[in-house]
Amino acid sequence: MVSNSNGSSSAEERGGQMPVAAAAKNAPPSTWTVFLFHFALPMALVAILSNINDIYSGLVSFPSHILHAGDNNAGSIQKSSTESNVKKPTLSSKERPSAASIQHPQTQTTAKITTRPTVTTKSSTTAESSKTTSSNRRHRQNAASDPFHQQMESNIRTLRNQYKQAVNTPTEYLAAIKLADFLKYRDTVIHDGGTYQMEAIEVYSRAVSLLEDMWRKMMTNGEDTRKTTIAHGNEQLVDDGNDYSTGLNRELFLDYESKSIEGLLCAVYCNLGKSYFMSNMFERSVQSHNQCLSYDHKYMDALSSRGQSYIILGKYKEAATDFYHVLQMDSNRLFGNVVTGLARCLSADESVLDGGWHSLVKLLEADIPRQEESLRRAKELTNNNADGTAKHHADTLKHMHHAMFQYHDTKTKNVSEAWKHLSKGNEFKMSTLAPFDEAFEIDKVSRLKSVFTEGFWPAGMGSETKTPIFIIGFVRSGSTLLERILDAHPLIVGTGEDSVFNGRLDSIRNDIIKASTTGQDEFLQTVKKLADDVVIDMRKRWEIIYANTKSEEDLSQEEARRSQEPTRFVDKMLSNYMNVGFIHLLFPNALILHVVREPMDSIFSAFKHDFPPGGFDYTSDFASLARLYHSYRDVMEHWDKVLPGRVTHIRYEDMVKDLPGMAPKILEKAGVPWDPVVLEFHQKKHAVNTLSTTQVRKGVYSHHLKGWKRYEEFLGPLLKRIGSRVEFKLNTSLTTLSSYYPA
C-alpha cells in the first residue's frame, strides 16, 4: 500500500493522457486552491471555535494567586506598565543547565501540577476551580492563542519588569524567585517543549547567588539563619524533633517573606533542582537537592524530589532510601508520590530497602484505614477547605493502593488482591477528576478527518530535511524501547518526552493560516522556515542538555563514539498521532514511526499505570479508556487512507522477539548505516524519564507479552467496549513475524 508523498496521482499513473481541450475543461482546482479551501478556512474556523470553547475554562482555571503574583509586593517592587527585557544572568559552565511539582510557598494553596511530589498546604481552592482545572488540562498542551496562555504571557512580562526594576535592590532575590516560580509553573501546565525552562534555571541561579551572599554575611555577623520558633495560630511551634516541627521542615508552608535565610535557600535550591529535572538534567537536579540538604538533611521536599531523579538515573537504592526517610517523617502524607516511587524501586530490586516489600506493606496496611477515615470526615465538611482536603486524601489513597497493586502483581502474584487494590486506586483517582468529555473526544477526531482529506497536501510544501524522526502511537505501546534503540546509534539522538514540534504546533498552525493570505511563494517559504526552526530548536535543546549532563569522562567517551554531529533527532510524543497531517505538511520527507503493541497489552498497561497529570488522566476508567483507544485507531486508519504508505508501522512484539532482525530494518528506514551497538542499547548510560524507566534498563525481554491475560477475568466489560479491535491487522514492511495480533 504505497503512494506518492502528496497522496495524489498523475494522469499518466491513471492510464494515458487526456486531450488538451478536455483537460482544460475538466482540470481540477490547483493544489494551492484546494489547500486554501480545505485547510486555511477550516483551520481558521477550528482555531476560532477552539478559542471560544477555551475562554471560560481558561479564565476560571487560572490560579488567582498566580494571576496576581506580583501584587503582594507592590510596596517593595515598583510595577512597570511597559514591557521591558530582563537581563538574565549568564551561568558558568558549572552552574548552567527538569521536574517536579510546583511549590507555591508564597501562597496557601494546594498546587498539584506535575509528576513530582508537591508541598501541599492548607487549601483555599474552591471545588469549582479544582474540578475545572482537572477537566481542562488537555486543552493546555497547545494553547498559544487561548486566554489562559495569553494571560500567562502577560504575567510573565509583568514579573520580568518587576525583576528588572529590582536588580541591585534589597528585594532583587524575591523578585527573581517569583519570576522563576512562575516560569516553572507555566511550563508545567503548558506542555510545549519547555519554552522557559532555561530562563527559570538562570533566574533561580541568580536568586541562589544572592541568598548565599546574604547567608555568609549573616553568619559573619553572628545572626540567626533559621527560625527557632514559628507561630501557628495562638501556639508557638518549637523544634521537638518530630515531623514538621523539625528543622527547616517547619518552614515548608511559610510564604517567602516569612522564611528564614536557610529556609529560602532550601526552597530555591529545591525549585532549581525541579527545573533541572524538567529539563532532563537529572545529575544537576540531584546536585541542587544536595545543596538544599546541606542546610538540613531532613528537608522532605528535597528528599522526595531527589528520589525521583535517582530513579531516572537508575540509582534505586539511593532513591528508596530518600523515599523511606520521607515516609517515616511525613505523618500527614503530604508527599504521596514517595509511596509509588518506593514501590517502583522495590519492583526493580527488592534488596534496595531493608526488609524489602515487607517494610512498605506493613506501613501501608496500617495507614490505609486511617486515610480512608480521614477522607470520610473530609467529605462531611462544608468549609472552603473541604474539597481540597478530600482531594488530598483521595490522591494519597490512590498512591497507596497502586503501591499495594505492584506488591501483589510482582511479589505475591495474587491476582485477586492485586486487582482489588488497582480498582480502588483508580476509583480514588477518578474521584478527583471532572467527568470525561466523550463528546469532545469524538468531535476532535471528526474535525481532524474533515480537515485532512485525501489530496489535501500541496506539492512542494515544507522542508526537504529528513532530520526529525517522529515516534507516535498509543500510550504504553513500546515507544521508549524504540527510542532507546535509535538513540544508541551514534548518528541519532533521542530528545526525551518534551516534543519541540508539539510545543510549537499551535503557533505553527496560526502562522500557516496567516501566511496563506500572502501568496503562494511567500506562503511556501513561511512553511519551510517554520519547519527549519523546529529542527534548529531540536538541535539547540540537545546541545544544552548534552553540555550539562556529561562529566569530562563521559564527554571524552561520547566524542570518541560520535565521530560526527548527529543527523537525526527523535521526537517521541505519542499523542502526535493526532498531528500526522501537520507533520507531513512541514516535513514531507521525515520518518514517522508508529509503534503498535498487542491491543489489550497496551490498553491494560495504560489502565494499571498512574500517569502524571495531563493527557492520560482518563486511562484509569474502562469507558474513557476505550473511547481514547477507539479515537486512536480511528485516526491511524484515517492517515493510512489519506496518506497511504506515509506512516511506517512497527510492531513492539517484533522488536522484542527478534531485535537482531528488526534493528537493521529500522536503521535502514531511518537512513543511517548499520551499527551493532544498537543491540546493546540498555548498556548505554542514559537517563530515561518515563514510566518505562525501570523496564528499559533491563534490555529486551518477552515474559510480559500477553500479560493482560492474568487479569482477563476482571476485564470483560473493557473487552466488550473494545470489541473487534482486540485484534489489530497491520500492514508493514518492517516485520519478521505475523501480520496481526489476535486477542
Side-chain angles (χ1 to χ4, degrees), residues 112 131 134-135 333 336-337 339-344 346-347 357 360-376 378-379 390-436 438 474-476 598-614 616-630 691 704 706-723 726 743:
K112 189 92 172 181
K131 291 180 179 179
S134 297
S135 65
R333 298 293 175 249
N337 275 356
V339 175
T340 43
L342 183 54
R344 290 180 70 188
L346 292 169
S347 296
W357 274 109
L360 177 59
V361 170
K362 182 180 179 181
L363 183 152
L364 294 180
E365 287 179 340
D367 218 10
I368 287 176
R370 290 196 291 266
Q371 291 294 326
E372 289 177 339
E373 176 61 20
S374 296
L375 176 60
R376 184 191 65 78
K379 288 181 177 179
K391 187 177 184 298
H392 162 68
H393 290 301
D395 191 64
T396 300
L397 284 163
K398 174 199 70 174
H399 289 298
M400 290 181 169
H401 281 293
H402 278 179
M404 290 298 293
F405 162 73
Q406 290 186 61
Y407 166 64
H408 287 295
D409 184 61
T410 62
K411 177 68 173 178
T412 71
K413 310 296 183 183
N414 187 328
V415 172
S416 295
E417 280 296 304
W419 179 259
K420 180 183 73 174
H421 286 289
L422 177 60
S423 299
K424 286 186 176 180
N426 283 355
E427 287 174 10
F428 284 122
K429 175 181 177 179
M430 296 305 296
S431 72
T432 67
L433 301 175
F436 178 69
E438 184 173 13
F474 196 66
V475 64
R476 303 297 297 169
E598 195 275 340
M600 283 305 298
D601 265 347
S602 180
I603 293 168
F604 178 62
S605 184
F607 180 76
K608 72 180 183 179
H609 281 86
D610 180 29
F611 296 97
F616 303 125
D617 284 343
Y618 294 92
T619 58
S620 299
D621 174 77
F622 281 176
S624 52
L625 174 58
R627 168 43 55 197
L628 291 171
Y629 186 74
H630 282 301
L691 287 175
H704 62 301
K706 295 282 185 180
W708 72 275
K709 285 282 189 179
R710 294 175 58 206
Y711 294 88
E712 186 172 10
E713 62 180 296
F714 306 105
L715 298 175
L718 180 58
L719 284 165
K720 185 176 181 180
R721 288 179 179 275
I722 300 301
V726 293

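Atoms considered below: every heavy atom in the structure, side chains included; atoms not considered: hydrogens, waters and symmetry mates.
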Evaluate Lys411 against Val361 for side chain to side chain contact (heavy atoms under 4.5 Å, CB included), listing each step before the verdict. CA-CA 11 Å; Lys411 177 68 173 178; Val361 170; over 6 Å; no
Mind checking the CE-CD spacing from Met400 to Glu365? Nearest 0.5 Å is all I need. 12.0 Å
Just wondering, do Leu718 and Phe604 contact through their side chains at under 4.5 Å, heavy atoms? no
Work out which heavy atom in Ala418 is nearest to a heavy atom in Phe405; give both atom names and the distance. O-CD1, 3.2 Å
Tell me, please, which residues at least two apart from His421 pass ring pair (Phe, Tyr, Trp, His ring centres under 6.0 Å). His401, His408
Quick one: does any side-chain atom of Ser431 pair with a main-chain N or O of Phe428 as donor and acceptor, under 3.5 Å? yes
Relative to the ring of Phe616, is the ring of Phe611 parallel (under 30°), tilted (30 to 60°) or perpendicular (over 60°)? tilted
Show me the pairs that pass salt bridge (charged side-chain N to carboxylate O under 4.0 Å, His left out) and involve residues 366-375, at least two apart or across chains. Arg333-Asp367, Asp367-Arg370, Glu373-Arg376, Glu373-Arg377
Just say parallel, tilted or perpendicular for the rings of Phe714 and Trp419, cut-offs at 30° and 60°. parallel
Met600 versus Lys709: any side-chain heavy-atom pair under 4.5 Å? no
Leu375 to Ala394 - nearest heavy-atom pair and separation: CD1-N, 4.2 Å
For Phe622 and Asn426, what are the C-alpha separation, side-chain angles and deciding distance, and is it a side chain to side chain contact (heavy atoms under 4.5 Å, CB included)? CA-CA 10 Å; Phe622 281 176; Asn426 283 355; over 6 Å; no
For Arg721 and His630, run side chain to side chain contact (heavy atoms under 4.5 Å, CB included): C-alpha distance rounded to whole Å, both residues' side-chain angles, the deciding distance at 0.1 Å, then the answer. CA-CA 9 Å; Arg721 288 179 179 275; His630 282 301; 5.5 Å; no
Under 3.5 Å, is there a donor-acceptor pair between the side chain of Ser423 and the main chain of Lys420? no
Exercise: identify the closest heavy-atom pair between Ser602 and Phe474: OG-CD2, 3.6 Å
Minimal non-hydrogen separation, Trp357 against Ser347, with atom names: CZ2-OG, 3.5 Å
Does Lys720 have any side-chain contact (heavy atoms from CB on, under 4.5 Å) partners at least two apart in sequence or in another chain, and if so, which? none
Who pairs with Lys362 by side-chain contact (heavy atoms from CB on, under 4.5 Å), at least two apart in sequence or on another chain? His358
CG-CZ distance between Leu715 and Arg710, expressed to the nearest 0.5 angstrom: 12.0 Å
Does the His609 side chain pair with the main chain of Thr619, one donor and one acceptor, at a distance under 3.5 Å? no
Can you name the nearest heavy-atom pair linking Leu360 to Val339, along with the distance? CD2-O, 4.2 Å
The complete set of salt bridge (charged side-chain N to carboxylate O under 4.0 Å, His left out) pairs with one or both residues in residues 421-433, sequence neighbours excluded, reads Lys429-Asp610
When rounded to the nearest 0.5 Å, the distance separating CZ of Phe607 from CZ of Arg476 is 14.5 Å
Separation between CG (Leu364) and OH (Tyr407), nearest 0.5 Å, reads 11.0 Å
Under the side-chain contact (heavy atoms from CB on, under 4.5 Å) rule, collect the residues that match up with Asp621, sequence neighbours excluded. Met430, Ala623, Ser624
Identify the two heavy atoms, one from Leu433 and one from Asp617, that lie closest to each other, and give their separation to 0.1 Å. CD1-O, 3.6 Å
So how far is it from Thr396 OG1 to Asn337 CG, rounded to the nearest 0.5 Å? 9.5 Å
Tell me, with the steps shown, if Phe436 and Leu628 meet side chain to side chain contact (heavy atoms under 4.5 Å, CB included). CA-CA 10 Å; Phe436 178 69; Leu628 291 171; 4.2 Å; yes
Decide yes or no for Lys398 and Thr432: does some side-chain heavy atom of the first lie under 4.5 Å from some side-chain heavy atom of the second? no
